[in-house]
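Read the structure below first, then the notes.
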Amino acid sequence: MVDARVVDHDGVYDPRHPNDRLLLGMKGSISEFELGVLRTRMVETARAKARRGELRYTPPNGYLWDRDAGVMFDPDLRIQEALLHKSCEVRGPPFAGRIHPTVSVTGMPSAV
């Protein structure tokens, strides 16, 4: 183990000493418990807002929040085209690798 120290507003701790290791472990456990309590409070607050109809969130790219219509597509065609282009880069063209019908010479649908 290296000659390192852990410093916080309560003191300086040496992880090589058993008492300091015990104290650091307890502080870590208490911090994890506090994070769980905070997370629970945040979730409960969000649920209460949702029940009252006051829950607001940032919609994903390409969507807008409208007070009257709620969540809707962004009407800006440049944004829609950019998102479609980005989607095709990630997933490929909309019909890539899929069988889609075409009309053959006989007039009957056939797979390509």
Side-chain angles (χ1 to χ4, degrees):
M1 196 177 273
V2 298
D3 191 24
R5 304 287 189 273
V6 177
V7 181
D8 70 358
H9 64 277
D10 291 332
V12 178
Y13 306 98
D14 185 354
R16 294 179 297 171
H17 295 121
N19 287 339
D20 288 352
R21 271 199 314 271
L22 177 65
L23 189 57
L24 287 170
M26 289 176 57
K27 283 184 172 226
S29 296
I30 291 170
S31 294
E32 285 183 34
F33 175 76
E34 288 174 346
L35 284 175
V37 169
L38 289 174
R39 186 176 300 115
T40 302
R41 289 178 60 194
M42 288 174 35
V43 168
E44 289 302 318
T45 301
R47 286 182 180 158
K49 280 186 166 188
R51 281 192 294 271
R52 293 190 308 264
E54 299 173 356
L55 182 64
R56 299 289 181 259
Y57 60 91
T58 304
N61 291 335
Y63 294 89
L64 293 177
W65 171 256
D66 183 54
R67 184 178 300 270
D68 299 324
V71 177
M72 60 184 222
F73 285 115
D74 193 326
D76 189 347
L77 293 176
R78 294 175 299 170
I79 292 176
Q80 292 178 13
E81 288 173 5
L83 289 173
L84 180 63
H85 179 70
K86 187 66 175 172
S87 172
C88 287
E89 283 179 2
V90 173
R91 296 185 206 131
F95 297 106
R98 297 184 187 160
I99 297 175
H100 55 281
T102 60
V103 177
S104 68
V105 178
T106 62
M108 299 297 291
S110 63
V112 174

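These figures come from a predicted structure and were not determined experimentally.
Among all heavy-atom pairs drawn from R5 and P15, the shortest one is CA-CD, 4.5 Å.
Rounded to the nearest 0.5 Å, atoms CG (L24) and CG (D14) are 9.5 Å apart. Of the inter-residue distances, the one linking L35 atom CG with T40 atom OG1 reads 10.5 Å to the nearest 0.5 angstrom. The CG atom of D66 sits 11.5 Å away from atom CG of D74, with the distance rounded to the nearest 0.5 Å.
Screening residues 25-36 for salt bridge (charged side-chain N to carboxylate O under 4.0 Å, His left out), with sequence neighbours left out, gives D8-K27, D10-K27. Every pair passing ring-ring contact (aromatic ring centres under 6.0 Å, His included) that includes a residue from residues 60-82 is listed here, sequence neighbours excluded: Y63-F73.
Salt-bridge formation is not detected for the pair E44/R41: no Lys NZ or Arg NE/NH1/NH2 atom is positioned less than 4.0 Å from an Asp or Glu carboxylate oxygen.
Considering only residues two or more places apart in sequence or on other chains, R39 meets the side chain to side chain contact (heavy atoms under 4.5 Å, CB included) condition with none of them.
Under the 4.5 Å side-chain criterion, counting only non-hydrogen atoms from C-beta, M26 is not in contact with S29.
Residue L64 is not grouped with residue I79 when hydrophobic side chains (ILVMFWY) are merged at heavy-atom distances under 4.5 angstrom, including chains of intermediate members.
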